[in-house]
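Working notes, beginning with the structure itself.
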Amino acid sequence: MLDWQCLLFVPVGADRHLESAIRHRPDAVILDLEDAVAPDGKQKARDDLARFQARLAEAGIDCAVRVNSPLGMMAADIQAVDPAMARALVLPKCEGRRQVENAVELAGGDIGIIALVETPRGVESMALLADTPGLVGLMLGSEDLSAALGVQPDRGVLEWPAARLAMAAAGRGLLAIGFPGSIANFRDLELYRQQIERARHLGMNAVAAIHPAQISVVREALAPDESEAAWARKVLSCLEASAGGTVFALDGLMIDAPVIARARRIAARAG
């Protein structure tokens, strides 16, 4: 499983944005060949991709590449990717296994696939997508999904698909990327924080940002709060004192294997 928490989109060809991303050190940069590149700029972006990948490799930052969804464009995009310097391809508008299988085949099985779910049909297909060999993550496309539904990208419409995505990803050990809110919000960082905290409580474990100002907020919001971390430490301390027993009482509650596993995950995230 990829260990990313904060990913940052950077348009291929935007050198200034790339250097800013490197200064702010996200866990991974998603080099974007899709929405951030105009139709008449696609080939130039493909030509620039190797240089952008090399710069990220030099900086020691993981790289993913968002490709275009039409098969011919996807093939041209993947051909431009250096698999030695990319850990994942982000595949937009995923609605079925065949799209993922096409990307896996075109990439030669050398790069993991993150399925970007951003349509109602894609939401319906999450479990099938998650079972596709080669998949390493699911990502919620909140803006496109909300547009397809004709609504604002807020918690009311996005919480259910976010929870469903988290469930599908957790059952297969995949990265669950996204949150129930607008990815475009980089001004109201307090609202952004609240939405990401809600995503964490739904089971999401990573966020793709569009602006460097969001990076520190993502990391803070995805980390367990102090009360959770203290509870986890207390559980693990009692476990150690129980001399091998895996069922014991703590503060009036029974602690058994699933609770211990949750405490270990929280302690690992807390660092």
Side-chain angles (χ1 to χ4, degrees), residues 1-37 45-46 48-68 77-78 80-92 94 100 103-104 107 110-118 134-143 165-166 169 172-179 183-184 186 192 196 199-200 204-223 268-269 271:
M1 179 176 173
L2 296 172
D3 57 357
W4 301 334
Q5 279 196 326
C6 184
L7 301 83
L8 181 65
F9 279 103
V10 170
V12 178
D15 290 80
R16 181 171 60 87
H17 292 170
L18 178 65
E19 294 305 317
S20 177
I22 290 170
R23 287 194 302 273
H24 287 86
R25 311 294 302 180
D27 299 318
V29 166
I30 302 173
L31 296 175
D32 194 3
L33 293 171
E34 195 218 14
D35 282 353
V37 179
R46 294 182 191 113
D48 285 339
L49 182 60
R51 177 169 61 84
F52 272 56
Q53 286 190 261
R55 182 71 183 97
L56 288 174
E58 178 187 7
I61 297 176
D62 284 347
C63 169
V65 180
R66 178 160 70 168
V67 298
N68 290 275
D77 292 344
I78 292 175
V81 175
D82 183 342
M85 294 190 291
R87 293 194 64 191
L89 299 174
V90 178
L91 183 60
C94 280
V100 178
V104 170
D110 296 327
I111 312 174
I113 306 298
I114 296 172
L116 179 50
V117 178
E118 46 191 343
L135 203 75
V136 296
L138 291 169
M139 181 188 295
L140 182 66
S142 57
E143 299 291 343
L165 185 147
R172 286 86 171 172
L174 307 175
L175 203 61
I177 308 167
F179 63 97
I183 190 174
F186 63 91
Y192 187 69
I196 296 171
R200 177 169 64 86
M204 308 289 277
N205 52 29
V207 169
I210 63 160
H211 192 282
Q214 297 169 320
I215 293 174
S216 62
V217 179
V218 169
R219 290 196 167 119
E220 292 167 7
L222 287 178
R269 291 203 312 269

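Note that the coordinates shown come from a computational prediction; the quantities given were computed from them, not determined experimentally. Note that the numbering runs from 1 along the sequence shown for the chain.
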Steps toward side chain to side chain contact (heavy atoms under 4.5 Å, CB included) verdict (Arg87, Leu2): CA-CA 9 Å; Arg87 293 194 64 191; Leu2 296 172; 3.2 Å; yes
For Met139, the option from Leu116, Leu165, Val117 that meets side-chain contact (heavy atoms from CB on, under 4.5 Å): Leu116
Candidate pair Asp27 and Cys6, rule side chain to side chain contact (heavy atoms under 4.5 Å, CB included), full reasoning: CA-CA 5 Å; Asp27 299 318; Cys6 184; 4.0 Å; yes
Pairing residues for Glu143 by the side-chain contact (heavy atoms from CB on, under 4.5 Å) criterion, not counting sequence neighbours: Pro153, Ser182, Ile183, Ala184
Asn68 backbone acceptor or donor facing Asp77 side chain under 3.5 Å: yes
Member of Val90, Val67, Val104 meeting the side-chain contact (heavy atoms from CB on, under 4.5 Å) criterion with Ile113: Val104
Residues Val37, Asp32; criterion side chain to side chain contact (heavy atoms under 4.5 Å, CB included); working and verdict: CA-CA 7 Å; Val37 179; Asp32 194 3; 5.7 Å; no
Set of side-chain contact (heavy atoms from CB on, under 4.5 Å) partners for Asn205, sequence neighbours left out: Met1, Leu175, Ala176
Contact summary for Pro83 and Asp110, nearest pair of heavy atoms: CB-CB, 4.2 Å
Test item: Arg66 side-chain N/O and Pro92 main-chain N/O as donor-acceptor pair under 3.5 Å: no
Backbone of Met85 reached by a side-chain donor or acceptor of Gln53 within 3.5 Å: yes
Aromatic plane relationship, Tyr192 with Phe179 - under 30° parallel, 30 to 60° tilted, over 60° perpendicular: perpendicular
Closest heavy-atom pair and its distance - Ala21, Leu8: CB-CD2, 3.5 Å
Nearest heavy-atom neighbours spanning Leu91 and Cys94: O-SG, 3.2 Å
Test applied, side-chain contact (heavy atoms from CB on, under 4.5 Å); reference residue, Leu56; option that passes from Val10, Leu18, Asp62: Leu18
Which residues share a side-chain contact (heavy atoms from CB on, under 4.5 Å) with Asp15, sequence neighbours left out: Arg51, Phe52
Val136 to Ala88 - nearest heavy-atom pair and separation: CG2-CB, 4.5 Å
Exercise: identify the closest heavy-atom pair between Leu89 and Ala107: CD1-CB, 4.0 Å
Separation between CD1 of Ile210 and NE2 of His17, rounded to the nearest 0.5 Å: 10.5 Å
Rounded distance [0.5 Å steps], CD in Glu34 versus CZ in Phe9: 8.5 Å
Minimum heavy-atom distance between Met204 and Leu222, given as atom pair plus value: O-CD2, 4.3 Å
